[in-house]
Amino acid sequence: MPELPEVAAVARRLHESAAGRTIVSAKFPFARTTRPQSGAALARRLKNRKILKVTRRAKNILIHLPDDDLLRIHLGMTGELYTADAASDVSPRARFALDNGREIIFEDSRHLGRVNLIHPRDLPAFESGYGVEPLSDEFTEEWLREHAARSRKPAKLFLMDQSQVAGLGNIWAAESLFVARISPFRAMNSLKPAKVRALHAAIREVLQAAVDSAYLNYSKPGETERGNTFPFAVYGRAGEPCLRCKRKIKRMVQGGRSTYYCPNCQR
DNA sequence: AACACGACCTGGTAGC
DNA sequence: TGCTACCAGGTCGTGT
């Protein structure tokens, strides 16, 4: 489910519902959730800590605690994070009881997500895995031109590389490339300046629209609906007509993932 | 260093 | 209806 726009929406909602609250207790019924950390040890360190704010970095949700500790939640493919009335009947991967009688629930059917505590001394190691935030001022056309010139990767794999551009995933990388009319297989260092400019603009435009849409989808308190109703231009549309040229959208496997594109107008 | 590929998991759905 | 095969928006480790 979650790429940058969806994670941003979840983080924002969690901030609205949980910032200022104190974690009374935490439970991790599955060892896998907190790997490689111990669930019991993590629960001890969360007890009676106040939630200062909730932010996002790449596809991580960061719950800021006192003493610069960060509770980091990665949703994986199927993670859902929300606040609910206590004693709800779900059996989640993690449960955080709050001092107002509600709790933060982390569900994740595929167990691909995780919850960890990041101590300030481990922050540099955490940060070193991630590149520029594509909606930040740091992500400029110049940034993209310089980094594109240094990578022989196919454009789609470059965009999905979290150490380059943090937060793009399979859907929004494909959508950005469609808008910029660039083939997902095109080597980054072969892009001419005009294409780089188009790609930079496309990423900003597509992500900003998705962020707005995702927030709307998640904006109602208590709502936990899944799925993204955003009208995709290419993602998941194999065999359907291209919105620009009417030729068929194609699905290919690239880097082990499905890639959707228009072979006619993406070059 | 850079890439490909399987592993990690469960659940939904298309097809027989 | 039931079974099988494939697919899923993400990493992570291992091997070349």
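Note that the coordinates shown come from a computational prediction; the quantities given were computed from them, not determined experimentally.
- Each of B:dT10, B:dC3, B:dC8 was ranked by its minimum atom distance to the side chain of A:Lys153; first place goes to B:dC3.
- Closest to the side chain of A:Arg72, out of C:dC12, C:dA8, C:dG9, is C:dC12.
- To the nearest angstrom, P of B:dC3 lies 17 Å from CZ of A:Arg257.
- You'll find the side chain of A:Phe158 reaches within 4.5 Å of the side chain of A:Leu144, heavy atoms only.
- Nearest nucleotide to the side chain of A:Arg32, out of B:dC8, C:dG10, C:dC7: B:dC8.
- The backbone N or O of A:Ala58 sits less than 3.5 Å from a side-chain atom of A:Arg56, completing a donor-acceptor pair.
- Interface remark: the A:Glu3 side chain does not form any donor-acceptor pair with the C:dG9 base, using a distance-only criterion of under 3.5 Å.
- Counting only heavy atoms from C-beta on, A:Ile171 has its side chain closest to C:dG9 among C:dG9, C:dC12, B:dC9.
- Pair assignment for C:dC12 gives B:dG6, based on Watson-Crick or G-U wobble hydrogen-bonding distances that are each under 3.5 Å.
- Taking the side chain of A:Ser109 as heavy atoms from C-beta on, and the options B:dT10, C:dG9, C:dT11, the nearest nucleotide is B:dT10.
- Side-chain atoms of A:Tyr260 and A:Glu175 form no donor-acceptor pair, as typed in the model, at a separation below 3.5 Å.
- Put simply, CD on A:Glu107 is 15 Å from P on B:dT10, counting in whole angstrom units.
- For A:His74, the listed nucleotide lying nearest its side chain is C:dT11; candidates were C:dG9, C:dT11, B:dA4.
- Checked by atom type and distance alone, the side chain of A:Gln162 pairs as donor or acceptor with a backbone atom of A:Met160 at under 3.5 Å.
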Could you walk me through whether A:Thr78 and A:Asp108 pass the side chain to side chain donor-acceptor pair (under 3.5 Å) test, one step at a time? CA-CA 5 Å; A:Thr78 52; A:Asp108 179 21; 2.6 Å; yes
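- If you check distances only, the side chain of A:Arg110 does reach the base of C:dA8 with a donor-acceptor pair under 3.5 Å.
- A straight line from CZ of A:Phe158 to P of B:dC3 spans 11 Å, rounded to a whole angstrom.
- Atom pair A:His111:NE2 and B:dC8:P shows a separation of 14 Å (rounding to whole Å applied).
- What separates CZ of A:Arg114 from P of C:dT11 is a distance of 11 Å, to the nearest Å.
- Listed candidates were B:dC3, C:dA8, C:dT11. Nearest to the side chain of A:Ser258 is C:dA8.
- Counting non-hydrogen atoms under 4.0 angstrom, A:Gly256 reaches nothing in the nucleic acid.
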